[in-house]
Each structure stands twice: as C-alpha cells, then as structure tokens.
Amino acid sequence: MSKWVHKDIWRKYGNKFLIEVSRHDQELSEIDRAFGRGPNLWTIYAYIYPGHPRFSAFEGSDMWQPAASALPMHGGPSFMHVHESKGVITSYQVGCDYRHLHDDYFSTMGADEVGRFMDDADEIFEYLSAKAGEPA
C-alpha cells in the first residue's frame, strides 16, 4: 500500500536560474539502521534557464559534461535532467545528493539543520551569479 512521503523545499531565485535545497524522508532498510543511517535524504538542484550565460554551455543530458561538472556541487553532479516543452529546452536541472561514500551522517540531519546545505547552495548561487556578471 502506498503512503504519503513528506518533502521540504527551500528555493533561492537568481536571474535566469534557481537553486533548490530539498529534504525528504526515505525508507530505511535493516542495513541502513545497522549503520546508523537516518531517514533524511538531502539534495541540491540548480535550474539554469534560457538567457543565463551558462545555458548555452549545456549539451544534452550527460551529467558529466563540462557545464554540469563545473558547478561547485558536493561530490559533483549526481543528477541531470533536461526540461522541455514542445521540443524547446526550458531548463537544465543539475543536482547533487548527500549519499556518497562517507556521507551517512548527512542522513541524520533534520530540517532544523538546513543551514549546512544552504551554505553549499549559496556557493552554487554565487557561482551562477558571477557567471551572469551580477552580484550574488
């Protein structure tokens, strides 16, 4: 039987881009519990829209392309999605998660500790602002 899953989202809007910090609950296996993993899955996404100077640097959905890898993301990009409408690309969404090797402690950090992730998100925000030639 399906159940509802809670998700928290914090957004910061830039000029022709958006940064999103996300936390949602995850199911824990017996192995997760044995290793002390918590129920929180944290991700940061950057949405780059047409008109942003970095938009034209993207090519397709390969998350290891130079434009995605250049973003200062925790552990590098671990997610890439091209949003389209009627065959026109409307944004590139690049994300990173906090589930890499040795990242287990992040899963124990609840929504009240979002500041840790916002620090990383602010670094991405500043990078994209600088690429647009604007103050962060």
Side-chain angles (χ1 to χ4, degrees):
M1 179 179 208
S2 292
K3 69 176 194 168
W4 290 97
V5 177
H6 179 80
K7 184 173 186 175
D8 295 316
I9 296 175
W10 296 264
R11 292 186 175 124
K12 188 172 185 179
Y13 296 87
N15 187 6
K16 307 290 185 189
F17 71 94
L18 163 70
I19 305 299
E20 182 176 274
V21 177
S22 169
R23 188 213 62 83
H24 71 269
D25 301 327
Q26 61 184 347
E27 291 286 327
L28 295 178
S29 68
E30 291 301 318
I31 293 172
D32 289 328
R33 287 185 190 86
F35 281 100
R37 295 181 186 126
N40 302 290
L41 178 58
W42 289 94
T43 54
I44 297 176
Y45 298 106
Y47 295 81
I48 296 101
Y49 301 111
H52 188 278
R54 296 301 297 159
F55 183 85
S56 62
F58 285 89
E59 195 171 307
S61 60
D62 177 15
M63 75 177 159
W64 296 113
Q65 64 182 287
S69 295
L71 293 167
M73 295 189 150
H74 174 78
S78 55
F79 178 85
M80 175 79 186
H81 182 72
V82 179
H83 295 269
E84 295 183 48
S85 177
K86 299 178 184 174
V88 176
I89 297 173
T90 58
S91 72
Y92 290 100
Q93 179 186 4
V94 185
C96 66
D97 61 38
Y98 289 76
R99 289 215 26 125
H100 303 283
L101 184 63
H102 306 297
D103 277 354
D104 292 341
Y105 64 97
F106 289 118
S107 69
T108 65
M109 299 172 78
D112 59 331
E113 297 176 89
V114 68
R116 162 62 183 86
F117 304 96
M118 285 186 177
D119 288 345
D120 287 355
D122 280 337
E123 186 176 349
I124 301 165
F125 189 93
E126 290 168 12
Y127 172 86
L128 289 171
S129 291
K131 294 298 181 186
E134 301 170 357

Visitor: Within this structure, what is the CD-OG1 distance for the pair Glu84 and Thr90, rounded to the nearest 0.5 Å?
Guide: 7.5 Å
Visitor: May I ask you to check whether Trp42 and Phe117 place their ring centers less than 6.0 Å from one another?
Guide: yes
Visitor: Are Met118 and Leu41 connected in the hydrophobic side-chain network, where two residues link if heavy atoms are under 4.5 Å apart?
Guide: no
Visitor: Count the heavy atoms belonging to other residues, nucleotides or ligands that lie under 6.0 Å from CD of Glu27, then report whether that count exceeds 12.
Guide: no
Visitor: Centres of the His81 and His83 rings: under 6.0 Å?
Guide: yes
Visitor: First locate atom CG of Leu128, then atom CG of Leu71, and finally report the distance between them rounded to the nearest 0.5 Å.
Guide: 5.5 Å
Visitor: Under 4.5 Å side-chain heavy-atom separation, chaining through any Ile, Leu, Val, Met, Phe, Trp or Tyr, what else clusters with Tyr45? Say none if it is isolated.
Guide: Tyr13, Leu18, Tyr47, Tyr49, Phe79
Visitor: Rounded to the nearest 0.5 Å, what's the gap from CD on Gln26 to CZ on Arg37? Could you check?
Guide: 9.0 Å
Visitor: So, applying side-chain hydrogen bond (donor to acceptor under 3.5 Å, both in side chains) with Tyr98, which one of Asn40, Asp103, Asp104, Asp120 is it?
Guide: Asp120
Visitor: Work out which heavy atom in Cys96 is nearest to a heavy atom in Ser78; give both atom names and the distance.
Guide: CA-OG, 3.3 Å
Visitor: First locate atom NZ of Lys131, then atom CD1 of Ile48, and finally report the distance between them rounded to the nearest 0.5 Å.
Guide: 12.5 Å
Visitor: Kindly compute the distance separating OG1 (Thr43) from CD1 (Ile9), expressed to the nearest 0.5 Å.
Guide: 8.5 Å
Visitor: Decide side-chain contact (heavy atoms from CB on, under 4.5 Å) for Gln65 and Tyr92; before the verdict, give the C-alpha distance in whole Å, the side-chain angles of both, and the deciding distance to 0.1 Å.
Guide: CA-CA 12 Å; Gln65 64 182 287; Tyr92 290 100; 5.6 Å; no
Visitor: Mind listing the closest non-hydrogen atom pair of Gly51 and Lys16 along with its distance?
Guide: C-CG, 4.0 Å
Visitor: Any donor-acceptor pair under 3.5 Å linking the side chain of Ser29 with the backbone of Asp32?
Guide: yes
Visitor: Restricting to non-hydrogen atoms, name the atom on Val21 and the atom on Ala121 that form the minimum distance, rounded to 0.1 Å.
Guide: CG2-CB, 3.6 Å
Visitor: Please determine whether residues Trp64 and Phe58 belong to a single hydrophobic cluster, defined as Ile, Leu, Val, Met, Phe, Trp and Tyr linked transitively by side-chain heavy-atom distances below 4.5 Å.
Guide: yes
Visitor: Are Phe17 and Phe55 an aromatic pair, judged by ring center distance below 6.0 Å?
Guide: no
Visitor: If you draw a 6.0 Å radius around CD in Glu113, do more than 12 non-hydrogen atoms from other residues or ligands fall strictly inside?
Guide: yes
Visitor: Are more than 12 heavy atoms from other residues, nucleotides or ligands located less than 6.0 Å from atom OH of Tyr105?
Guide: yes
Visitor: What are the two closest heavy atoms between Val94 and Pro77, and how far apart are they?
Guide: CG1-CB, 3.8 Å
Visitor: Using every non-hydrogen atom in the two residues, find where Gly110 and Arg23 come nearest and quote the distance to one decimal.
Guide: C-CD, 4.2 Å
Visitor: How long is the straight-line distance from NE2 of His74 back to CD of Glu123, given to the nearest 0.5 Å?
Guide: 12.0 Å
Visitor: Listed by chain and number, what are the salt bridge (charged side-chain N to carboxylate O under 4.0 Å, His left out) partners of Arg99, not counting sequence neighbours?
Guide: none
Visitor: What pair of heavy atoms forms the shortest contact from Ile124 to Pro72, and how long is it?
Guide: CG1-O, 3.5 Å
